[in-house]
Each structure stands twice: as structure tokens, then as C-alpha cells.
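Worksheet for the structure shown next.
As a basis for the values below, the full set of heavy atoms in this structure was taken, side chains included, without hydrogen atoms, waters or symmetry mates. Please read all numbers here as calculations on a predicted model, not as lab measurements. Below, chains carry the letters A, B, ... as their sequence lines are ordered, and counting in each starts from 1.
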Number of protein chains: 2
Amino acid sequence: MVETSRRQAIEDVASDLFRERGYAATSIRDIARALSVQGASLYAHVTSKEDVLWAIVDRAATRFEQAADRAEADAAARRPGDPGEAIAALVRAHVAVLTADVDEAGVFVNEWRALGDERRRSILERRDAYQSRFRGHIEHGIAVGAFAMTDPSIATTTVLSAVNGIAAWYDPDGRLPADRIADHLVELTLRMLEGSR
Amino acid sequence: MVETSRRQAIEDVASDLFRERGYAATSIRDIARALSVQGASLYAHVTSKEDVLWAIVDRAATRFEQAADRAEADAAARRPGDPGEAIAALVRAHVAVLTADVDEAGVFVNEWRALGDERRRSILERRDAYQSRFRGHIEHGIAVGAFAMTDPSIATTTVLSAVNGIAAWYDPDGRLPADRIADHLVELTLRMLEGSR
DNA sequence: CTGCCTAACTAACGATCGTTAGGCTACCAC
DNA sequence: GTGGTAGCCTAACGATCGTTAGTTAGGCAG
């Protein structure tokens, strides 16, 4: 990924470090060192450390939201009202965003707590809205008998925890390409929801 | 929980704060303030900040290991060689430890990265060994046809991610007692592994 | 040649960090 | 009462934190 702008290069490096050590444990001077530059020099491109975190988290959130938009539209076009199709599309989209930029997505998943009050609240709302998409299809699936009876809230957080777990181990150069991983997660998720025992 | 010793009180407060804000974002003086004491006073009971983290992480790790020991022994006594029984027992034990002290367990799950090199490596080994117990039963289950065919590594990390996700939302005073949550997780996990689609 | 823009620099600010040193007070055993 | 010990205090250390200020070097446009 060629650095299109200096600002972007800073956010890329910051994503990497925030993901690896966490926001609080990463100093401005750490980010600068990775760019072979003095710490104070970053403030020509950035207004504060939290601003960098916010830029990363906000962009990642937008990616997840837009991917979910497309996924829901596609699923509705293919098999309208089919909860399994909708969940499969959402999971596949989620894994795609997660694996397209593990650092950025990993920061979104783990470091949003470090944001200030206002921004943290804002992200929390968007997370809730995002979760609600999954829960909506799960509840619908239970209602029409496509999914086995369960507590929809627990099923929702379990699905999302399972999928987000990928961020902890995914390696772009590892065994299994991203879409193979998505296949497995879709399979496991649908079994979990549909499964009759 | 009555403070049996001063050292224990420090670790309890530290578990709470480390879990809420993270290790790096929590200062010694934050912990002291929660105990209505000066920061420097803690060093009468503690040799370093990292020592406190280590005590919490080590204890939590031991709890998970011992609970898994008992779970595997019980499962083997009840239904020897039954992979479903073994996984159910492991999941139930894991949820029990997680919910018995969410702060401590949450720190173990999320903050072990903050440990120094040596201790981090040590915990990583124990985590791997712990994961291997799950993977062993999953592989066995696939081999004997009890579980549906899948990638055992992905299935293992997915199960553990799903279960660890509880630490992010569990509230001891919330709806649903801990063992109900365990019931749901066992159900979802077994569906995921056994489910035929 | 001049002037602006980008990107970096050095130096320093006040705050906070983890930690050490040394002293004080209250209680309990003998 | 004497000695020990558990628990806390104040004061301070050197390091590092996020951030501001003012300056310098290079390249491109007029």
C-alpha cells in the first residue's frame, strides 16, 4: 500500500502500533520513530493523538456499516426474507472488512474504549445499531422457524464475538486466504443458528 | 468479598481498573485513589505495577486450568470418550470461571499482552496448552464422526472467541444467572460442532 | 529571483509516570 | 513498657508523556 498522503502514512503506522500494543501503551514518539521522524513533527499533520485514533476507528466503523448495507441489499435481492441468507451475507461481509485491514479493524474492535466520552458514546451507538442488524435477522429467523429457539441477544453477541475473534489471529500471509476463512465462519455460524440437536 | 489481606484488596481494585481502562491506561495512583491511599503507599505491599498484573493473570490462568482439569475428569467419568460431553464440560467450566470473577478473567483474556517478555511467553504457552485441550476433543469428535467436518483450528478458536466474548458484556446483576448463560453457550457450541446442514 | 508550501527540525512546557527513601502512628505480644 | 510490625505518610527522583513554539531546508510557481 503506497502512502498516498503523509497523514495516511501516519494512520497506517498508528493502526499497526495501536493494534499491537494498545492505544495507551503507544506514544506519539513511537509512531514518529516508525516513520523515522521526530515526535513533534507529527503535529504538522495531526491535531492530537486521540484524533488519530478517532480517524482509524471512524473509518473502520464506516467500512463495516457500508459492507453490511451492501450485504443486506444483496441478500434481499437474492432470497428476500431468508434469514439464513441474510446472516450468511452479513458474516461474509464482516469477515471481508476484518481481513482487508486487520490493523484498522482490530483497533476498531479493541481500542474504542480509549476514546473520549463524546466519541466513545458515538461509536457505542453505531456498534449497537450494527449489532441490531444481526439480531433483527436472528429474531426473524427464530420467528419463522428457520433458526432453532434460543435467546436472540446471546446468539447475537456470540456470533459477533466468534467472528471478531478472527482479528486476534488472522495473518494475511498465513495458511487459508480470507475468503476461505469467511466460508468456515459462515458455515459455523449457520450451524449454530439452524442446528437441530 | 471481604478483603482478607491488603494485598488482595489491591489486586481486586486493580482487576477492576485494568479491566475497565486497560493496564497501560491505569496508573498506580489510580489504584491507590480507589483505596483512599497515596500512590507510594502501595509499594509496601507490592513490588511493581507489573507484579500486580502478573498476580491477577497467573491466578486467573490457574483457575481456568484447574477448572478444565475437573471438567475433563468428570466428563471422562460420565461418558468416556464422548467428545460432545467433553466439550460441553469444558465450555461450562470456562463460563463458570469467567463469570465467577469477570474482572480477573477479563484481565486475563485482554491484558496479558502488557506483561514483560518472559511472563508473556509463559502465559502464551499456557494459553496454547489450554486451547489444545479443546482442539483435542474437537479433532477426536471429527475423527469418530460425532462432529461435522471442519477445520479443527478454526473451530477451536471460534469456540473460544465465542465463549470469551461473555467477558465483554456479562453483568453479575444482569438478567440471566451465570449457569443459564453457560447452558446457552453449551447449546450453541454443540450445535456449531455437531450440526448437520 | 521571489514567495509560498510542505515537511521536517530543535527546544522546551507542564503534567504525569513508576518508583525509592525515610519517617510517623497505632496496635499487639511479651 | 518495650519491641516489633503493619500501614500509611510526605517528598522527591528521573523518565516519559502530549503538546506548543519558532525555525529551517527544499521544491515548485509566478
Practice task
Could you tell me how the ring of A/His94 sits relative to the ring of A/Tyr130: parallel (under 30°), tilted (30 to 60°) or perpendicular (over 60°)?
Solution key: tilted

Problem - Of B/Ala25 and A/Ala44, the one whose closest DNA chain C nucleotide lies more 5' - result: A/Ala44

Roughly, in whole Å, what's the span from [atom1] in [X] to [atom2] in [N]?
X	N	atom1	atom2	answer
B/Arg29	D/dC8	CZ	P	17 Å
A/Arg7	C/dA8	CZ	C1'	17 Å
B/Arg21	C/dC17	CZ	P	10 Å
B/Asp30	C/dT16	CG	C1'	10 Å
A/Arg33	D/dG18	CZ	P	11 Å
B/Phe18	C/dG18	CZ	P	9 Å

Completion exercise
Distance col, row A/Ile31:CD1 vs A/Thr26:OG1, nearest 0.5 angstrom, shows 6.5 Å

Handout entry: Contact under 4.0 Å: B/Ser41 side-chain N or O vs D/dG7 OP1/OP2
Key = no

Among [options], which nucleotide sits nearest the side chain of [X]?
X	options	result
B/Ala40	D/dC8, C/dT19, C/dC17	C/dT19
A/Tyr43	D/dT20, C/dA12, C/dC17	D/dT20
B/Gln38	C/dT10, D/dC9, C/dG18	D/dC9
B/Arg6	D/dG7, C/dA7, D/dC9	D/dG7

Exercise for the section: Scan side-chain atoms only and decide if B/Asp12 and B/Ser15 contain a donor-acceptor pair under the 3.5 Å cut-off. Expected result: no

Exercise for the section: Check whether any side-chain N or O of B/Glu111 sits under 3.5 Å from a backbone N or O of B/Tyr23 as a donor-acceptor pair, and report yes or no. Expected result: yes

Problem - Check: B/Asp30 side chain, B/Ser27 main-chain N or O, donor-acceptor pair, under 3.5 Å - result: yes

Exercise for the section: Specify the residues of residues 45-55 of chain A, ordered by number, for which at least one heavy atom lies under 4.0 angstrom from an atom of DNA chain D. Expected result: A/Ser48, A/Lys49

Exercise for the section: Find out whether the Lys NZ or Arg CZ of B/Arg127 is both under 6.0 angstrom from the six-membered ring centre of B/Phe108 and within 45° of the ring's axis. Expected result: yes

Problem - Sub-4.5 Å side-chain heavy-atom contact between A/Asp179 and A/Arg92 - result: no

